[in-house]
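Data first, discussion second: the structure below is written as structure tokens.
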Amino acid sequence: MSTKLIIQADVTEGKINKNIYGHFAEHLGRGIYEGIWVGEDSSIPNTKGIRNDVLEALQKLNIPVLRWPGGCFADEYHWKDGVGPREERKRMVNTHWGGVVENNHFGTHEFFTLCELLGAEPYICGNVGSGTVQEMSEWVEYMTFDGESPMTAWRQENGREEPWKLTYFGVGNENWGCGGNMRPEYYADLYRRYQTYVRNYGDNKLYKIAGGANVDDYKWTETLMQEAAPMMDGLSLHYYTIPGDFWLGKGSATDFSEDEWHLTLKRALHIEELIEKHGTIMDKYDPEKRVGLIIDEWGTWFDVEPGTNPGFLYQQNTIRDALVAGASLNIFNNHSERVQMANIAQTVNVLQAMILTEGQEMIKTPTYHVFDLYQVHQDAERLSSHLESDEIKHGELAYPTVSTSVSRGKDGKIHISFCNLDHTNEVTVNTELRGATLGTVSGKILASDKRDARNTFDSPNDVEVVSFTNFAEQDGGLQVTLPAMSVTVLTIEEGA
Ligand code: AHR
């Protein structure tokens, strides 16, 4: 098989917002508790209650932005229950996720500490579904107001003198579903109302994100844009890759057929059509593309691991997930004129996680390694490129074999990310480089010869990044041979 990639290195197409490499951590299952927060008295080594092993692994990813506290949890979260002395905090039942008791030990202060330790910007999602305007307004005041006020005084009493810097604020989550089962017209009015009281204090300028559509609910996007576009900076979109049926059985994360392999990748690539169609509606009301499309929940969603709590959404992660991540990120990069942020669901122990933990132990998933490899695209200039790929055909399904995106990093080097989605064949990509001279080239790859390859607590490094050298100069460009099921990043330093 052969595929052609043409790179026009002297034509840039705008910046790839680093926030495309954002994450999402919800109070769900073992995502926050155990996965991130163990508490200061834990025998697991921690910094201010946050486990050190997870912290160190996540720090290496340079997570630009972290969304919290949900998800569905956000619309039943009452932030005031999560501040003040921990032992006095109110306990609640997390009705969405397993009906477990939430002790509110991880609240606003702990979240900002986590973001500070990660060097990530906080993205807070407020409660529209079951919260009041006053509650949301006071949360923003508590976090960002510097002057004399009841909320400032309370924050200071709770140990934080200065306000925090907060940019990203979501006004509700999935308000068409778990966030209140609203009609778009009703939510659009509520959005207008709630966001009025989400104030900018001092020089803290908020980027307000309206709750957006589920998958292909274009009516939702049309209504929100028509009724509220001037009052928002971003509009969200949620899309999960599910090879089966959401209610009847999503499919196993590890034990899947060839049909499910193809269906997963085909469905993952569907996000491009969603971006284009929601983007076209947004263009009608916002031709300058001021309002960002914020894909603040995406990733694979499989059946939970056998024997685990169905409400905890704990799933393993294979090379198939790595390909979903790599191809999705390429799509986001290639639509960075509209996609200003994306937040994979979720960071630790939930859905398509970066990290899995079991007691003291921690492993990095194949998806973690993709985020590591792709860091080079964060805030890089997207370069003009054109891909002509062969297709994989399986029954009635057809989809491109190769996915790519190309950028020039802050280091001045050209970075190309390639995914070979074919699980049996290698593919040669004839890469033509125009507008630049080839100099030194280096590569890194994540690959496997087993469709269900994964890292486990017994064998944590089965899928890991190694150096890649299977390329050769060809007419000033490169002939690159990608093994089956692989994610590769090539770095080109220009020659004289
Ligand atoms: O990420 C899991 C859940 O999926 C989120 O809480 C919700 O917003 C979505 O339906």
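Order of listing sets the numbers, starting from 1, for every ligand and every atom in it.
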I want to know if ligand 1 touches C72 in the polar sense, i.e. an N/O pair below 3.5 angstrom. yes
State whether the shortest distance between N or O atoms of Y240 and N or O atoms of ligand 1 falls below 3.5 angstrom. yes
Answer yes or no: are there more than 12 heavy-atom neighbours, outside [X] itself, under 6.0 Å from its atom [atom1]?
X    : atom1 : result
F312 : CZ    : yes
K444 : NZ    : no
Y186 : OH    : no

Indicate, as side chain, backbone, both or neither, the part of F246 found under 4.0 angstrom from ligand 1 when only non-hydrogen atoms are considered. neither
Given that the side chain starts at C-beta and the backbone is N, CA, C, O, which of these parts of W298 lies under 4.0 Å from ligand 1, counting heavy atoms, or is it both or neither? neither
Atom indices of ligand 1, in the order listed, that fall short of 4.0 Å to a heavy atom of [X]:
X    : value
G71  : 5 (C), 6 (O), 8 (O)
E26  : 1 (O), 2 (C), 5 (C), 6 (O)
N173 : 8 (O)
F24  : 1 (O)
L351 : 1 (O), 2 (C)
Q346 : 1 (O), 2 (C)

Cationic N near anionic O, under 4.0 Å, [X] to [Y]:
X    : Y    : result
R454 : E305 : no
E56  : K60  : no
E121 : K165 : no
K364 : D53  : no

Can you check which of Q352, E297, R67 brings a heavy atom nearest to atom 9 (C) of ligand 1? E297
Per atom 10 (O) of ligand 1, closest listed option by heavy atom (H238, H27, H96, E174): E174
Is the distance between the ring centroids of H78 and W139 less than 6.0 Å? no
